[in-house]
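Structure, as structure tokens:
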Amino acid sequence: MPNVVVVGAQWGDEGKGKVVDLLTEHAQVVVRFQGGNNAGHTLVVDGQKTVLTLIPSGILHGNKTCVIGNGVVLDPSVLVTELASLRASGKIHATTQLVLSEAAHVIFPWHKLLDAMREKARGQSPIGTTGRGIGPAYEDKVARRGIRVRDLLRPERLKQKIEERLVSAREELAALAARAGTEAPVLDAVDIARIAAAHGETLRPYVKDASLFLAGEVARGSRILFEGAQGTLLDVDHGTYPFVTSSNCVAGAAAVGSGLGPTAIDTVVGISKAYTTRVGGGPFPTELTGALGDQLRKVGEEYGAVTGRPRRCGWLDTVVLRYAVRVNGLWGLALTKLDILSGLDPLLLCNGYQLDGQLLSELPTDPDDFGRVTPLYEELSGWKERLGGARTFEELPAAARYYVRRVEEAAGVPVVCISVGADRGETILLKNPFDA
């Protein structure tokens, strides 16, 4: 049976949660394979909004299993709160709906403190992190001093590991505090261990060998949907470094972050807005800084689901999309928020750049060069009609259909799904990736 990866094809916030929720109907298992609670996936079902930060977006389907893979860094307090909220609202019922990898690394208070204090120390050159401790937790993982979910279930070992890690964490926090002229934060190992162990007991029913579980699902022929967080241009290797997240967001990470081999992946779908947004620092060639950018932000409700930060908005950049197609091996694109462009005329589509007198059709490999490019635009006619009622491609206005076709031609892959509103039902599915 085919297994599908869904990844962001821009700088995150593309609407992956809605697309994953939609495609979950055709899958038996949904897997989150990287990132942490620095990404919020917003779902709207029958007018009711749900924001998820750690639990896969398929959780609203009661007969599906959702897996948090080993590639995720986990804040246990956030997961416990998220589970409690879902239970209270009747959106999750059985513990069999969620599997938590015992090998996932855990975010602790010192990670969040280091994240925030380092960002403040950067002064006028911040990276734009969310302050959730994601980067420092991945640092500990790579430095082989991380604490994993399985450690939460063994209190004595957990306490020892926390005490060992706090030695160097306190030193760095003290140095950062001295640089800022403030008092160093107090971190009590016993208290941290007690709270973490309590979270571990709450999460114990969900903790499993996720790799083994997924291998069993593959053997049974289950359809698996892999859900990425952030976006291609935020990938630590393939994004606009250093203005990136701390994990690999591209499709290849689905195998590493879940414990399945790459041959388990059959199809990759990229998610792109019908325009472009970005949160935090870094180059953004098509950014609109005036009234039009403000209008896109207001109409599109472009504020971070996790942080509430306003997103930078601009025209759709198909150079970025072609790059995402290449590094992810995209089979097709899901185009979201097409409805937000209603009433804008003309529409601009970036199909290339100019740099030092040269025409570029691909992203510059040097990030400094990327910050200096001038976008080259194609002008397209807009449309005035509202799109929320459209359920087939033919029901879209002619100008909207032409816009979609030009995106396909410029990106080099077909648009297989179009979102025309926030609700799950406001979607046109042109090709089902599970039937590819």
Side-chain angles (χ1 to χ4, degrees), residues 6-19 34-43 49 51-54 57 73 75 78 112 115-116 118-120 122-136 138 227-236 238-250 270-290 292-317 320-321 323-324 336-337 340 350 363 367 370-371 375 419 422:
V6 170
V7 293
Q10 298 169 303
W11 280 279
D13 308 309
E14 300 97 345
K16 294 180 291 295
K18 177 183 178 180
V19 176
Q34 50 80 218
N37 63 302
N38 55 337
H41 290 178
T42 302
L43 316 176
K49 180 186 289 187
V51 177
L52 300 170
T53 62
L54 283 170
S57 300
V73 285
D75 187 328
V78 171
K112 289 179 272 192
D115 204 358
R118 287 175 182 174
E119 188 76 345
K120 185 176 181 179
R122 293 186 180 101
Q124 298 302 309
S125 302
I127 297 296
T129 75
T130 61
R132 295 323 198 251
I134 309 299
Y138 275 117
E227 176 183 14
Q230 288 86 37
T232 298
L233 276 294
L234 292 178
D235 184 279
V236 70
H238 303 289
T240 48
Y241 191 90
F243 300 98
V244 294
T245 193
S246 301
S247 62
N248 288 111
C249 313
V250 295
I271 316 300
S272 169
K273 283 177 182 167
Y275 50 99
T276 307
T277 63
R278 177 166 199 175
V279 173
F284 185 177
T286 65
E287 183 173 11
L288 295 167
T289 56
L292 194 51
D294 292 340
Q295 180 180 345
L296 276 174
R297 184 177 304 109
K298 180 180 179 180
V299 178
E301 298 182 0
E302 295 296 352
Y303 298 89
V306 172
T307 64
R309 292 185 295 179
R311 295 173 185 143
R312 300 156 65 189
C313 299
W315 297 117
L316 184 61
D317 189 333
V320 165
L321 290 188
Y323 179 75
T336 63
K337 291 199 169 184
I340 303 303
C350 173
L363 286 184
F370 187 47
S419 173

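All of these numbers come straight from a predicted model, not from anything done at the bench.
Scanning both residues, A324 and A9, for their nearest heavy atoms gives CB-O, 3.5 Å. Heavy atoms only, all atoms of each residue included: T277 and G12 are closest at OG1-O, 4.2 Å. Across all their heavy atoms, L316 and T276 have their closest contact at CA-OG1, 3.3 Å. Annotation for R118 and P136: closest pair NH1-CG, 3.9 Å, computed over non-hydrogen atoms. Between L54 and G36, the shortest heavy-atom distance links the atoms CD2-C, 3.8 Å.
The CD atom of Q230 sits 9.0 Å away from the OG atom of S246 when rounded to the nearest 0.5 Å. Taking CG of D115 as the reference point, atom CD1 of I134 lies at 7.5 Å (rounded to 0.5 Å). Atom CG in L288 sits 8.0 Å away from atom SG in C313 (nearest 0.5 Å). In this structure, OH in Y275 is found 5.0 Å from CD1 in I340, a value given to the nearest 0.5 Å. Here the OG1-CG distance, from T240 to L234, works out to 6.0 Å after rounding to the nearest 0.5 Å.
With sequence neighbours left out, the ring-ring contact (aromatic ring centres under 6.0 Å, His included) criterion links F284 to W11.
No donor-acceptor distance shorter than 3.5 angstrom exists from the side chain of R297 to the backbone of R312, with no hydrogens or angles considered. Under the 3.5 Å distance criterion, the side-chain polar atoms of N248 are left unmatched by any main-chain donor or acceptor of D235. Using a distance-only test at 3.5 Å, with no hydrogens or angles considered, a donor-acceptor pair links the side chain of Y323 to the main chain of H238. In this structure, the side chain of T53 does not engage the main chain of N37 through any donor-acceptor pair within 3.5 Å. Using a distance-only test at 3.5 Å, with no hydrogens or angles considered, a donor-acceptor pair links the side chain of Q34 to the main chain of A229. At distances below 3.5 Å, at least one donor-acceptor pair connects side-chain atoms of Y138 with backbone N or O atoms of G35. At least one donor-acceptor pair under 3.5 Å links the side chain of R278 to the backbone N or O of P283. No donor-acceptor pair under 3.5 Å is formed between the side chain of T232 and the backbone N or O of Q10. No side-chain donor-acceptor contact under 3.5 Å links E287 to the backbone of P285. Between the side chain of T336 and the main chain of S419, no donor-acceptor pair closer than 3.5 Å is present.
Salt-bridge formation is detected for the pair D13/R311: a Lys NZ or Arg NE/NH1/NH2 atom is positioned less than 4.0 Å from an Asp or Glu carboxylate oxygen.
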- Item | Test log, rule side chain to side chain contact (heavy atoms under 4.5 Å, CB included), inputs D75 and K112 | CA-CA 10 Å; D75 187 328; K112 289 179 272 192; 3.0 Å; yes
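With a 4.5 Å cut-off on side-chain heavy atoms, L233 and L363 count as touching.
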